Protein chains: 2
Amino acid sequence: MKEKTGKVETDPSTEEKIKNAARTIFHKKGFAGTRTRDIAEEAGINLALLNYYFRSKEKLFGLIMMETVQGFLKSMTDVFNQKDTTLETKVEHLVSNYIDLLTEHPNIPIFILSELRNNPEEVVSKMKMKEFLMGSYFFQQMQEAMQEKRIAQVHPLHFIMNILGMTVFPFIAKPMLTAVGDMQEENFNALMQQRKKLIPQWVKSMLATG
Amino acid sequence: MKEKTGKVETDPSTEEKIKNAARTIFHKKGFAGTRTRDIAEEAGINLALLNYYFRSKEKLFGLIMMETVQGFLKSMTDVFNQKDTTLETKVEHLVSNYIDLLTEHPNIPIFILSELRNNPEEVVSKMKMKEFLMGSYFFQQMQEAMQEKRIAQVHPLHFIMNILGMTVFPFIAKPMLTAVGDMQEENFNALMQQRKKLIPQWVKSMLATG
DNA sequence: GTCTATAACGTGATAGAC
DNA sequence: GTCTATCACGTTATAGAC
């Protein structure tokens with residue numbers, strides 16, 4: 001038994017083992033590409049147990065999807081409505097949060113977005129993104145930043161897309177880069193760490209450009 | 001019969017109808033999520049005919065995947081090795097090409113990248129991206145541009161990721177934006193048209209930043 | 001070339017013993 | 001709670017008539 005943060009580290013419960021296995025496989029292969037047998041094997045348990053705990057593949061998938069989306073959005077919500085930080089700081093935190101999250105779980109973006117493609121309303125409708133995004137203090141700060149510079153106004157959404165695009169896209173395109181550019185896992189991660197500093201700088205210069 | 005570019009417009013052959021249907025469905029649902037029955041129905045033919053022409057689902061999929069990737073890369077290859085255009089012009093063309101392509105076929109990026117996630121080597125190995133990218137004149141021009149400014153050197157790959165990220169990511173995230181931000185299809189497309197001019201400007205300011 | 005009918009197989013889910 | 005064995009169904013692929 002190993003000690004960790006003062007708690008005894010027990011073996012994960014069967015339910016937990018199944019969920020962990022499901023997360024791994026679903027993230028990698030998507031709903032349609034996943035067989036419940038694979039999840040059971042990955043979890044080291046029997047197929048019947050999966051249905052015993054989670055009733056059906058769909059139920060289990062829904063659970064994983066919800067947790068995944070929540071985790072992904074948390075990196076945003078944590079930052080977007082801080083009242084006492086500058087825009088620059090928010091961008092730094094946002095980029096840093098996502099690069100850390102995606103370095104550890106690189107499959108999340110494709111997983112979410114490719115499943116979203118099938119049932120756009122199902123998942124998204126629960127998230128109230130519009131109020132969350134357009135009503136956020138972050139959004140307001142962006143508009144102010146552009147007004148100060150007296151530059152041609154562009155929709156703040158453009159900058160959101162840029163930040164997320166520059167941050168998230170490399171992880172989405174990672175299979176291309178690693179499989180092709182004879183880029184090793186470590187090299188890729190090193191590049192991503194560099195981007196924690198680079199992206200905020202670029203965003204700053206873009207905001208000045210308009 | 002309608003005339004078009006001097007050619008008589010005939011009905012597409014059965015083979016062509018099946019391929020068109022397959023492209024539509026595969027792009028939308030991926031390999032695992034697609035049923036050959038759906039392709040047959042979309043093509044308005046019988047299921048048996050699909051196997052008569054293409055032997056198997058896998059064969060048909062491989063064909064569609066190859067054509068799709070080629071079409072996607074063509075927008076790059078067309079631009080990357082032009083010797084007589086400036087870096088700025090190349091970026092403009094690249095961005096414009098992709099925004100036009102993706103406006104018409106918005107599912108292509110998720111399709112390619114989510115299928116790539118399953119068999120990275122299969123598809124990618126045939127493309128020799130490394131030589132193509134790192135050896136391109138475009139790549140060289142980027143390095144020169146940075147040297148001129150005497151700024152801290154960053155790997156040119158960062159800028160490639162930025163350009164593709166800013167250009168492609170919005171289409172990948174489109175389901176989120178449209179389903180949530182009560183963003184209409186037309187509004188989205190209008191934003192993308194704006195980006196044809198904006199992205200090259202931003203890239204320019206980024207290159208000056210380093 | 002195109003169809004209907006059906007074979008062959010894989011997968012999700014359950015029954016029932018322990 | 002956990003397992004083995006099996007059912008029930010959907011899907012790919014093919015046989016064979018036209």
Side-chain angles (χ1 to χ4, degrees), chain A residues 1 8-68 107 111 114-115 117-119 122-123, chain B residues 8-68 111 114-115 117-119 122-123:
Chain A
M1 292 238 197
V8 177
E9 202 180 81
T10 58
D11 277 359
S13 66
T14 302
E15 188 172 344
E16 208 58 41
K17 277 193 289 186
I18 297 174
K19 263 178 60 178
N20 290 337
R23 183 163 30 245
T24 302
I25 311 262
F26 277 138
H27 281 191
K28 191 149 53 190
K29 305 199 168 186
F31 177 78
T34 294
R35 291 171 307 177
T36 51
R37 283 170 162 78
D38 293 340
I39 297 178
E41 189 187 4
E42 171 86 13
I45 53 96
N46 188 274
L47 172 58
L49 265 187
L50 188 149
N51 290 288
Y52 173 76
Y53 278 102
F54 297 96
R55 286 284 296 168
S56 75
K57 180 186 181 185
E58 252 118 5
K59 289 270 196 347
L60 178 54
F61 178 80
L63 189 68
I64 298 297
M65 171 58 89
M66 205 195 61
E67 289 186 6
T68 302
N107 290 317
F111 168 73
S114 69
E115 296 300 330
R117 152 184 73 165
N118 300 323
N119 26 8
E122 181 97 1
V123 182
Chain B
V8 176
E9 201 179 83
T10 58
D11 276 358
S13 66
T14 301
E15 187 171 343
E16 208 58 41
K17 277 194 289 186
I18 297 175
K19 261 178 59 177
N20 290 338
R23 183 161 30 243
T24 302
I25 311 263
F26 277 139
H27 281 190
K28 192 148 52 188
K29 305 198 167 190
F31 177 78
T34 294
R35 292 171 306 177
T36 50
R37 282 170 162 78
D38 293 340
I39 297 177
E41 188 187 3
E42 170 87 13
I45 52 96
N46 189 275
L47 172 58
L49 266 186
L50 189 151
N51 290 291
Y52 173 76
Y53 279 101
F54 298 96
R55 286 284 296 170
S56 76
K57 182 188 179 183
E58 250 119 6
K59 288 270 195 348
L60 178 54
F61 178 82
L63 190 66
I64 297 297
M65 171 58 90
M66 205 195 60
E67 289 186 6
T68 303
F111 168 73
S114 70
E115 297 300 331
R117 154 184 69 165
N118 300 325
N119 25 8
E122 181 97 0
V123 181

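Per chain, numbering begins at 1; letters A, B, ... match sequence-line order. On a predicted model such as this, the values are computed, not experimentally measured, just so you know.
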Spacing between B:Phe54 atom CZ and D:dT14 atom C1', to the nearest angstrom:
18 Å
List in numerical order all residues of residues 11-25 of chain A for which some heavy atom is under 4.0 Å away from an atom belonging to DNA chain C.
none
Rounded distance (Å) that lies between atom C1' of D:dT14 and atom CZ of B:Arg55
10 Å
Restricting to pairs with a member in residues 23-42 of chain A, which pass side-chain hydrogen bond (donor to acceptor under 3.5 Å, both in side chains), not counting sequence neighbours?
A:Asn20-A:Arg23, A:Arg23-A:Glu67, A:His27-A:Thr68, A:Arg35-A:Asp38
Report yes if at least one side-chain N or O of B:Tyr52 is closer than 4.0 Å to OP1 or OP2 of C:dC3; otherwise report no.
no
Provide, to the nearest angstrom, the distance between the CG atom belonging to B:Leu50 and the P atom belonging to C:dG1.
15 Å
Whole-Å distance, B:Leu47 CG to D:dG10 P, equals 15 Å
Which nucleotide wins on minimum distance to the side chain of A:Leu49, given the candidates D:dA13, D:dT2, C:dA13?
D:dT2
Using whole Å, what does the distance between atom P of nucleotide D:dA13 and atom CZ of B:Phe61 come to?
14 Å
About how many Å separate NZ of B:Lys57 and CG of B:Leu50, when rounded to the nearest 0.5 Å?
10.5 Å
In short, B:Ala43 meets B:Lys17 closest at the heavy-atom pair CB-O, 3.7 Å
When rounded to the nearest 0.5 angstrom, what is the spacing between CD in A:Glu16 and OG in A:Ser13?
5.0 Å
Between atom CD1 of A:Ile18 and atom CG of A:Leu63, what is the distance when rounded to the nearest 0.5 Å?
11.5 Å
Do you know which two heavy atoms are closest between A:Ser114 and B:Ser114, and how far apart they sit?
CB-CB, 4.1 Å
Return the residues of residues 32-46 of chain A meeting this criterion: a heavy atom under 4.0 Å from some atom of DNA chain C. Order them by number, or give none.
A:Thr34, A:Arg35, A:Thr36, A:Arg37
Going by ring-ring contact (aromatic ring centres under 6.0 Å, His included), name the residues that satisfy it together with B:Phe61, two or more places apart in sequence or in a different chain.
B:Phe26, B:Phe31, B:Phe111
Going from CD on A:Glu115 to CD1 on A:Ile64, what distance comes out if it is rounded to the nearest 0.5 angstrom?
12.0 Å
In whole angstroms, how far is the C1' atom of C:dT11 from the CG atom of A:Asn51?
11 Å
Return each pair, listed once, that meets side-chain hydrogen bond (donor to acceptor under 3.5 Å, both in side chains) where at least one residue sits in residues 45-55 of chain A; pairs must be two or more places apart or across chains.
none
For the pair made of CD in A:Glu58 and C1' in C:dA13, what is the distance, rounded to whole Å?
12 Å
When the distance from NZ of A:Lys57 to C1' of C:dA13 is rounded to whole Å, what number comes out?
12 Å
